[in-house]
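Take a look at the structure below.
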Amino acid sequence: MTSMDRSQLLRGVLDAAVLATVHRRDGYGYDVVRRLRGAGLTDVGDASVYGTLRRLYRGGALTSYVVPSDEGPHRRYYGITERGRDQLTEARETWVEFERALDALLDVESIAITEEVAT
Amino acid sequence: VTPATMGLPAAVEAYLKDVESELADLAPEERDDLLAEVEALLVEVEADGDEPAVRLGPPARFAAELRASAGLPPALAQTAQPAEAGLRVALARLAASPGWRRTGAALRELAPLWWVVRGGVAAGLAIFLTGPEGTYADRARTGLALAAVLVVVSVALGLAGRARRLPLRPLRIAIDLALLACLIPVTSEAVSVVRNHQTIWGYTTVTAPPTPGVALDGVPLQNVYAFDRKGRLLQDVRLYGQDGQPLDIGRGAPDPNRRVVAAADGVTVFNSFPIRYYDPNTQRVAQPDLAPAGLAPPPLATPPLNSTHRP
């Protein structure tokens, strides 16, 4: 899969990924980026994560608070809200259904069988 | 940019400035929140030992991605010249500000008033530009009739425009601006024309200038003759008004042949009647008893007011 494809895919699930990350533990922007990358989403864009955090915050799925930092600017931490948790549950259900459907479609053995039947 | 940006590495500061200009059209609160986050990110990137532009890509692309993922509209005028872009961004920001929106809403409510005014201005322009033909009253009637028609047309156009049923919006805006520019000249011209003619609704009010001196029904008097109750002409009668003001005649430009009448204090008086004239080059009044031809009032029949003090 090319990186373009991955970033396209990521766009659709970034909300869920960010919500899940913050659900585990509150985090500031850069921290969320690092944790997403650490979880395997290596080509997640900094700007996408920051923008997504901002949008989820504006939509009421996240809350935020500022923690002063001795070195550099203050860090704005994000935490999940009740609404964010509902949104995450919904996203998880959607994802599981989606994954199941795609697994079935992409299953190599079943593709082979289908092709055999067709010929 | 917050005070914390002071002392930032040049690369971070430059990157932040570029992102800021890409977000210039956003509402100040939204923009400042985003920029604070970007600033924090840049500091982290810098601390990791990365160049912002290498790690994050060009500022414009970074800003575009940030806007898209934050659910914000794409930036305006990406390809415009910097000065023009600055102007457009400033205008867009102004248009998006709550103050401007409130002003715009208020202006829209007042628009019907403007529709009436512009009809009047158009009528005034038509009248003044066709020149002073016909009498003032005719022009005033024509102007008022034209204004009535144009106001109706203008209001109809305004309503149609509001319902978005009219093409050529830029042309209509240009005409509106032109009429607005004519508002003051047309109004002042109309006021001065009306003031000079004192004519309203077709009839003229003549305001005569006050007659100098003593006058009867507006006609200046040259002389006054006083007769006593027996019908005898009196000489050197001094006349005063209700406020004690002398009823002077000819004080401004005394006739050189006028008999000079002086009071005991030596002051010449001009309210002593009848006025008599010397014969030319003499100090003599030839006919001291002269009265206007045929003037001989009969004696009074009514008894005197105070008969006990009759002289």
Side-chain angles (χ1 to χ4, degrees), chain A residues 3-4 6-19 21-22 26-38 41-78 87, chain B residues 1-9 11-13 15-20 22-23 26-75:
Chain A
S3 67
M4 189 62 191
R6 283 180 66 101
S7 74
Q8 295 277 35
L9 269 181
L10 207 50
R11 195 154 295 169
V13 295
L14 193 54
D15 282 18
V18 166
L19 282 171
T21 306
V22 175
D26 290 3
Y28 57 96
Y30 196 62
D31 171 52
V32 174
V33 172
R34 261 199 298 238
R35 279 154 65 190
L36 285 169
R37 288 190 180 146
L41 301 176
T42 48
D43 42 10
V44 70
D46 295 87
S48 301
V49 174
Y50 275 78
T52 301
L53 282 168
R54 179 74 194 161
R55 181 166 41 77
L56 291 172
Y57 167 69
R58 224 188 306 117
L62 297 180
T63 177
S64 94
Y65 51 94
V66 170
V67 175
S69 160
D70 287 340
E71 70 260 16
H74 302 327
R75 283 171 173 162
R76 180 179 287 276
Y77 274 75
Y78 292 93
Q87 211 168 309
Chain B
V1 175
T2 65
T5 53
M6 306 225 276
L8 285 179
V12 167
E13 205 170 324
Y15 198 94
L16 191 59
K17 270 237 143 48
D18 286 348
V19 172
E20 184 179 8
E22 295 288 330
L23 304 179
L26 297 179
E29 197 187 337
E30 182 76 57
R31 184 188 64 232
D32 292 348
D33 280 359
L34 282 173
L35 283 173
E37 289 281 76
V38 173
E39 186 189 325
L41 167 64
L42 288 169
V43 170
E44 300 273 7
V45 166
E46 180 77 16
D48 283 354
D50 288 338
E51 272 291 305
V54 174
R55 161 80 181 271
L56 304 172
R61 205 177 74 198
F62 177 89
E65 196 182 332
L66 185 67
R67 295 174 75 117
S69 56
L72 296 166

Discussion item. Assess whether a salt bridge exists between B/Glu44 and A/Arg75, defined as any Lys/Arg side-chain N lying under 4.0 Å from an Asp/Glu carboxylate O.
Written reply: yes
Taking every heavy atom of B/Ser69 against every heavy atom of A/Ala47, the minimum-distance pair comes out as OG-O, 3.3 Å
Filtered by a 4.5 Å non-hydrogen cutoff, the part of residues 26-35 of chain A contacting chain B is A/Tyr28, A/Tyr30, A/Arg34
Within residues 45-53 of chain B, the residues sitting under 4.5 Å from chain A by heavy atom, in sequence order, are B/Val45, B/Asp48
Quick note, salt bridge (Lys or Arg N to Asp or Glu O under 4.0 Å) partners involving residues 59-68 of chain A, not counting sequence neighbours, are none
Looking at B/Arg61, I'd like to know if its CZ atom is crowded, meaning that more than 12 non-hydrogen atoms belonging to other residues, nucleotides or ligands lie closer than 6.0 Å. no
Practice problem: Taking the side chain as every heavy atom from C-beta outward, state whether B/Val38 and A/Tyr50 have any atom pair closer than 4.5 Å. | Solution: no
- Item | Expected output: side-chain A/Arg58 to main-chain B/Ala70 donor-acceptor under 3.5 Å | yes
When rounded to the nearest 0.5 Å, the distance separating CZ of A/Arg54 from CG of B/Asp33 is 4.0 Å
For A/Ser64, the side-chain contact (heavy atoms from CB on, under 4.5 Å) test, sequence neighbours excluded, returns A/Tyr57, A/Arg76, A/Tyr78
The reported gap from CG in B/Leu56 to CG in A/Asp46 (rounded to nearest 0.5 angstrom) is 5.0 Å
